[in-house]
Amino acid sequence: MRLKRISEYVWEIPKTEKEGMNVPALIFGTEKIVNNLEEGVFEQITNVACLPGIVRAALCMPDGHVGYGFPIGGVAAFRTDGGVISPGGIGFDINCGMRLVRTDLTVEEVQPRVKELVDRLFHRIPAGVGAKGLLRLTPSEFEEVMVKGVDWCIEKGYGWEEDRERIESYGRIPGADPSKVSKRAIERGLAQMGTLGSGNHYLEVQIVKGESIFDPEVARVFGIREDQVVLMIHCGSRGFGHQIGTDYLKVFDSAMPKYGIKVRDRELACAPFTSPEGQDYYKAMVCAANAAFVNRQVILHRVREVLSDVFHRDPRDLGLEVVYDVAHNIAKVERHVVDGEEMEVLVHRKGATRSFGPGHPEIPEIYREVGQPVIIGGSMETGSYLLVGTEKAMKESFGSTAHGSGRTMSRHAAKRQIRGSELRQRMEERGIYVRAVTMSGLAEEAGFAYKNIDDVVEAVDRIGISRKVVKLKPIGNIKG
DNA sequence: ATGTAC
């Protein structure tokens with residue numbers, strides 16, 4: 001497919017390249033990254049550009065790879081009036097996301113006890129396919145989870161008041177309607193709050209090395225300093241969100257003819273945002289998004305319990321504060337400037353992170369002057385980054401940036417390259433203590449199966465859609 | 001990602 005370089009780090013596939021494109025597709029990345037993207041990504045992002053009501057351009061972030069319908073790393077904004085909502089543009093794992101937690105503990109204090117700490121966390125935070133949590137909710141409690149999100153946790157003592165403002169959308173997106181969620185989805189979700197899941201989901205113990213602080217001023221605002229231990233939580237809405245996605249794909253698949261919508265790929269099933277089907281899915285998606293915030297909040301609660309036990313100190317005294325929590329699989333109603341005019345759009349971010357710049361009213365006051373914290377998670381071997389949102393992201397990418405490394409190798413291929421037990425040993429020799437539910441699952445997540453996180457982060461930093469603040473190095477990891 | 005196929 002023909003790629004036109006329109007600036008140093010932006011590549012365009014013009015509208016004329018494929019019949020039916022309503023807008024061009026734009027790929028963000030360095031030459032190296034764009035040259036290495038799978039052909040399927042270009043196919044998928046230009047299919048997205050054909051969807052009804054899409055504005056300006058279909059975007060692909062530097063960590064783009066082939067996904068269900070939309071590429072992972074895809075960002076697309078649709079008119080709220082006249083545009084569509086598509087589960088394939090959000091992902092099955094609704095509000096899969098990242099939460100970063102700071103501590104007042106130093107590397108010297110934690111390093112000698114990292115095995116004990118990781119083992120205790122492993123026992124307290126259930127992980128793996130089908131894992132059930134320590135919390136067993138009644139259907140009416142779960143209804144509150146869907147509607148109130150993290151506010152429910154704070155009411156119940158699973159969170160602190162001050163956690164709320166350090167979560168995207170304050171951990172509670174308005175518009176949830178549990179009556180739009182199937183009984184089956186609720187049955188799957190009831191016992192899953194406070195569980196990690198599997199695949200690339202993890203809980204990681206990380207350290208801040210002095211030479212990895214790129215912006216000391218912003219790092220200080222985010223509560224980050226040299227020699228500090230932090231924890232990163234990566235998980236989503238588990239079987240609950242997955243079931244909602246599955247349910248509504250079926251609904252949309254049969255509703256499309258009614259609305260005269262034809263898509264190039266059945267995986268792009270969608271419905272007008274204002275249609276009954278579109279609104280029902282949106283309301284159910286919000287339920288899953290709020291449940292995912294709750295899931296990460298309950299995991300944080302367990303983290304606070306375990307660290308308090310291990311270090312015999314109160315969690316507040318340990319400085320166990322949320323830095324921020326970002327969604328990377330979600331659609332949100334936001335206002336953006338399109339062709340010089342501010343308008344309301346439904347921004348789909350699928351494997352992409354919100355990256356609002358300084359002064360945005362949706363950023364909490366504590367961070368408003370510098371911009372929104374952006375968390376980009378690498379593979380469990382290579383480290384992760386904390387960045388900050390920019391004004392340029394508001395102009396170029398609907399306030400969005402990348403979310404992670406992006407796979408370069410299939411799970412199957414990764415398992416052929418290395419045995420889980422060998423990887424575990426190799427990681428331990430390099431100072432990363434890992435506990436995994438299955439050794440095959442561990443092998444699938446080997447660092448070599450992913451793009452180099454430094455390349456992805458360097459790209460978003462140079463493009464200017466988020467700025468590097470600090471790189472975080474893993475010393476302990478829990479995998480589902 | 002996912003009670004990894006209803």
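Every chain is numbered from 1 and lettered A, B, ... according to where its sequence line falls, protein lines coming before strand lines. None of the values given here were measured: they were computed from a predicted structure.
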> So, A/Tyr450 versus A/Arg407: side-chain donor-acceptor pair below 3.5 Å or not?
Replying inline: yes

>> Could you tell me how far apart A/His412 (NE2) and B/dT4 (P) are, to the nearest whole angstrom?
In response: 19 Å

>> Tell me whether the side-chain N/O atoms of A/Ser198 come closer than 4.0 Å to OP1 or OP2 in B/dT4.
In response: no

>> Regarding A/Gln192, tell me which of base, sugar-phosphate or nothing describes its non-hydrogen contacts under 4.0 Å with the strands shown.
In response: sugar-phosphate

> Atom CZ of A/Phe92 and atom P of B/dA5: how far apart are they, to the nearest Å?
Replying inline: 12 Å

> Rounded to the nearest Å, what distance is computed from the CD atom of residue A/Gln243 to the P atom of nucleotide B/dC6?
Replying inline: 9 Å

> A/Glu187 CD to B/dT2 C1': how many Å, rounded?
Replying inline: 16 Å

> Charged N to carboxylate O under 4.0 angstrom, A/Lys332 versus A/Glu168?
Replying inline: yes

>> Rounded to whole Å, how long is the line connecting atom NE2 of A/His242 with atom P of B/dA5?
In response: 10 Å

> Roughly how many Å is it from CZ in A/Arg184 to P in B/dA5, rounded to a whole number?
Replying inline: 14 Å

> What integer distance in Å separates A/Asp93:CG from B/dT4:P?
Replying inline: 15 Å

> Nearest nucleotide by nearest heavy atom, which residue falls closer to the 5' end of DNA chain B, A/Arg411 or A/Val129?
Replying inline: A/Arg411

>> Taking the ring centre of each residue, are A/Phe78 and A/Phe273 less than 6.0 Å apart?
In response: no

>> Regarding A/Gly197, tell me which of base, sugar-phosphate or nothing describes its non-hydrogen contacts under 4.0 Å with the strands shown.
In response: sugar-phosphate

>> Please confirm whether the ring centroid of A/His234 lies under 6.0 Å from the ring centroid of A/His328.
In response: yes

>> Whole angstroms only, please: what is the NZ-C1' distance between A/Lys250 and B/dA5?
In response: 12 Å

